[in-house]
Amino acid sequence: MQEPVMSEVRVRFAPSPTGYFHLGSARSLLFNWLFARRHGGAFILRIEDTDRTRYHEEAVSDMLDGMRWLGLDWDEGPEVDGPYGPYYQSQRLSLYQDYAQRLLDSGHAYKCYCSLEDLEQMRREQQQRGLPSGYDRRCRTLTARQQAEREAQGMVPVIRLKVPLMGTTSFHDLIRGQIEVQNEKLDDLVLLKSDGFPTYHLAVVVDDHLMRISHVLRADEWIPTTPHRILIYDALGWTPPLFAHLPIILSPTGQGKMSKRKTVDADGREYNVLIHEFRAAGYLPEAMFNFLALIGWAYDDKTEILTRQQIIQNFDLTHVSSAPAKFSYDKLDWMNGVYIRSLEVDDLAGRLLPFLSRVSPDVDVETVRRITPLVQERLTALADVVAWTDFFFTDKLDLEPESLIEKKMTAEQAIQVLEQSYQVLGELPTFDEQAIEAGLRAKAEEMGLKARQFFGTLRIAATGKRVAPPLFGTLAILGREKVLQRVARARELLVS
RNA sequence: GCCCCCAUCGUCUAGUGGACUAGGACACAGCCCUUUCAAGGCUGCGACGGGGAUUCGAAUUCCCCUGGGGGCACCA
């Protein structure tokens, strides 16, 4: 691929605000952004809100929030504006109408008076007879008089593109090479709807041209619409931008693409799809960035963890794969863990705080800071911190008496463990990690119990959990008073 | 049904005709470490969908088949 001249690169991401910001969008968006940053070009955000029936109020803010969270800034678009605005298509309606008229005048388009019912019936018949579906062009040959008759009846037309009946339309895809389609397979698509709004096809061409977009990077699923796109450029006498079609992201099961809805695996487990869901679950934006970049693109044959700068500097369309990719939550979890482990303790504690504050009002910064090193290498996502450490912030432990008795131990021994621990811990001159460990180990040995048994019983008494952060550090942070209280309560439970 | 795209371990991928007994990562299994769980270390399992053709030589180029995915709206 030829290296584009730096100043010429202008790419855009153009979502339609019909739903929440999801993974598939995020990946397309990221690749566009990377391409712009890699080539020192401009990244433009344009809102394609031409479908009033599917418009979703919160969609735009959800996307902007998600972009800010991922650190993807835009040079032109909502909130920042720019020389080619407005950047909402709903504010550009007269533009599309002008160009639609222009196509009508030049004979590249025509008015179609077919009703939605007509079209539906036509499709049904085509389906039944096994014919390829598509508009049958019955209004393409209407005479001026026939048109006037329909207008007189109050029929409001749409404007359709006059697709050439013969020949082929082709384009060069930067990732896939030459793609060619026979014009006879293309139907006369609607450019302007009867409500005066443009369809996607018209609006996108007009805006990409007027906004001087140089490269269009978008998902695979758009390939079939590209020849139509090219034809509209031709009809307007414009030069199309360069296209690159990105491999689609498939759900983990491989049964279809990642949609805006929840995906469910074979066991019926639900997975996150929306960006704000990943955020709420405690995936780090830097991990999401890294992971998304690696779906369909690779830096080399071994590097997985890359900084934002490394990715920008090395991003390259020639290394974008053309095969679809299944999304792997396992690998994302692994990568998020890697990023969590690499954080400075203060940084991580700061990110953990909101998750804990949400479940308990008594959470204090200092305690979170002390707890953080205990859980850092155990977290898959930030929200996991709650399950790991909630016992620090509440005295309501769910204790089952039987759970206090470790394997190959009698109830009598468990009681002994608790009583002896109570005594040892009560008498320690200082209640720090080292002193606690030394005192308890000596006692365990004296009693002839395995560390596993002794500490297991104590762990459950202090935390209510069979699996918990390292015991000695945990006890030190809980403090002597709470620990003794919990040990005593556990003993009561066993005795009664 | 019609059109289009795609094809390397279970998954993400490296691979751009000889450096390939095909490399890495996730997942999985085993061992080590170990107070639980992790993390970490080591080892293992594991792929070029099939058939032709081109070539001295093919994972890599071409064709066919098969399989998977996507698209066929007055949605984007």
Side-chain angles (χ1 to χ4, degrees), chain A residues 14-18 48-51 53-54 112 114-116 119-120 123 126-135 156-160 173 176 179-182 185-187 189-201 203-204 219-227 245 247-248 250 252 254-257 291 294-305 318-319 321-335 337-338 341 375-380 388 406 437 440-441 444 450-460 463 465-472:
Chain A
S16 70
T18 55
E48 310 216 319
D49 53 348
T50 55
D51 183 354
T53 59
R54 293 203 310 158
C112 166
C114 294
S115 68
L116 290 172
L119 296 173
E120 204 178 311
R123 263 193 295 274
Q126 286 168 337
Q127 204 101 67
Q128 274 169 10
R129 294 163 57 190
L131 295 169
S133 59
Y135 180 57
V156 183
V158 300
I159 295 178
R160 287 186 184 270
D173 187 284
R176 285 150 218 280
I179 295 178
E180 195 174 79
V181 174
Q182 291 177 288
K185 307 288 186 195
L186 270 22
D187 72 349
L189 85 186
V190 173
L191 299 171
L192 203 69
K193 306 177 217 174
S194 54
D195 63 3
F197 276 63
T199 61
Y200 163 78
H201 306 280
V204 80
D220 225 353
E221 63 204 81
W222 293 96
I223 291 180
T225 72
T226 311
H245 288 95
I248 202 168
L250 268 20
Q255 314 277 44
K257 56 179 180 171
F291 188 72
L294 256 27
I295 299 179
W297 176 79
Y299 168 67
D300 64 6
D301 60 340
K302 43 180 74 74
T303 314
E304 307 276 341
I305 304 295
T318 62
H319 285 92
S321 133
S322 33
K326 287 180 195 140
F327 192 86
S328 166
Y329 287 93
D330 278 339
K331 193 153 182 176
L332 172 64
D333 282 350
W334 164 76
M335 189 173 283
V338 170
R341 273 169 249 132
V375 295
Q376 180 158 23
E377 68 189 27
R378 295 173 169 75
L379 297 177
T380 293
W388 276 103
E406 285 292 312
E437 176 164 11
L440 292 178
R441 277 197 194 282
K450 291 209 163 103
R452 184 186 193 90
Q453 300 172 310
F454 190 98
F455 298 132
T457 295
L458 193 53
R459 174 178 303 107
I460 292 186
T463 68
K465 295 175 195 295
R466 201 169 275 289
V467 172
L471 186 59
F472 311 120

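Here is how names work: the chains are called A, B, and so on, in the same order as the sequence lines, proteins then strands, and each is numbered from 1.
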What nucleic acid atoms does [X] come within less than 4.0 Å of, heavy atoms only: base, sugar-phosphate, or nothing?
| X | answer |
| --- | --- |
| A:I223 | sugar-phosphate |
| A:G337 | nothing |
| A:F472 | base |
| A:A325 | sugar-phosphate |

Rounded to whole angstroms, how far apart are [atom1] on [X] and [atom2] on [N]?
| X | N | atom1 | atom2 | result |
| --- | --- | --- | --- | --- |
| A:F454 | B:rU36 | CZ | C1' | 15 Å |
| A:L440 | B:rU36 | CG | P | 15 Å |
| A:I295 | B:rU13 | CD1 | C1' | 12 Å |
| A:F291 | B:rC12 | CZ | C1' | 7 Å |
| A:L294 | B:rC12 | CG | C1' | 8 Å |
| A:Q376 | B:rG40 | CD | P | 12 Å |
| A:H201 | B:rA76 | NE2 | C1' | 8 Å |
| A:Y299 | B:rC12 | OH | C1' | 18 Å |

### Query
Taking for each residue the nucleotide of RNA chain B bearing the nearest heavy atom, is the 5' side occupied by A:P15 or by A:K326?
A:K326

### Task
Could you say whether A:R466 or A:A298 is positioned toward the 5' end of RNA chain B, judged by the nucleotide with the nearest heavy atom to each?
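The answer here is A:A298.
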
Phosphate oxygens OP1/OP2 of [N]: is one of them under 4.0 Å from a side-chain N or O of [X]?
| X | N | answer |
| --- | --- | --- |
| A:H319 | B:rG15 | yes |
| A:R441 | B:rU35 | yes |
| A:R452 | B:rU36 | yes |

Could you pull out all residues at least two apart from [X] that satisfy ring-ring contact (aromatic ring centres under 6.0 Å, His included)?
| X | result |
| --- | --- |
| A:F197 | none |
| A:F291 | A:F327 |
| A:W334 | none |

Work out how far the [atom1] atom of [N] is from that of [M], and round it to whole angstrom.
| N | M | atom1 | result |
| --- | --- | --- | --- |
| B:rA7 | B:rC65 | C1' | 13 Å |
| B:rG17 | B:rG24 | P | 23 Å |
| B:rG71 | B:rG30 | P | 42 Å |
| B:rG51 | B:rG67 | C1' | 15 Å |
| B:rA47 | B:rU54 | C1' | 25 Å |
| B:rC28 | B:rC12 | C1' | 16 Å |
| B:rC45 | B:rA22 | P | 12 Å |
| B:rG46 | B:rC37 | P | 29 Å |

### Task
Do nucleotides 17-26 of chain B as a string where each nucleotide becomes B, S or -: B if the base has a protein heavy atom under 4.0 Å, S if just the sugar-phosphate does, - if no protein is that close.
------BBBS

### Task
Indicate for each nucleotide in nucleotides 65-74 of chain B, in 5' to 3' sequence, whether protein heavy atoms under 4.0 Å reach the base (B), only the sugar-phosphate (S), or nothing (-).
----SSSBSB

Partner nucleotide of [N] by Watson-Crick or wobble geometry (both distances under 3.5 Å):
| N | value |
| --- | --- |
| B:rC56 | B:rG18 |
| B:rU11 | B:rA25 |
| B:rC31 | B:rG41 |

### A:K450 atom NZ, neighbour heavy-atom count above 12 within 6.0 Å
no

Nearest to the side chain of [X] - [options]?
| X | options | value |
| --- | --- | --- |
| A:V467 | B:rC6, B:rC37, B:rA76 | B:rC37 |
| A:A323 | B:rA7, B:rC5, B:rU13 | B:rA7 |
| A:K185 | B:rC4, B:rA7, B:rC2 | B:rC2 |

In Å and rounded to the nearest 0.5 Å, what is the [atom1] to [atom2] distance from [X] to [Y]?
| X | Y | atom1 | atom2 | result |
| --- | --- | --- | --- | --- |
| A:I223 | A:H245 | CD1 | NE2 | 5.5 Å |
| A:L189 | A:R160 | CG | CZ | 8.0 Å |
| A:T199 | A:I159 | OG1 | CD1 | 10.5 Å |

Say whether, by atom type as modelled, one donor and one acceptor occur between the side chain of [X] and the main chain of [Y] under 3.5 angstrom.
| X | Y | value |
| --- | --- | --- |
| A:R459 | A:L471 | no |
| A:D187 | A:Y135 | yes |
| A:T303 | A:D300 | no |

### Query
In terms of ring plane angle, is the pair A:F455 and A:F472 parallel, tilted or perpendicular, where the classes change at 30° and 60°?
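Geometry flag for A:F472 against A:F455: perpendicular rings.
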
### Task
For A:D49, enumerate each residue passing the side chain to side chain donor-acceptor pair (under 3.5 Å) test, keeping only those at least two apart in sequence or located in another chain.
A:S90

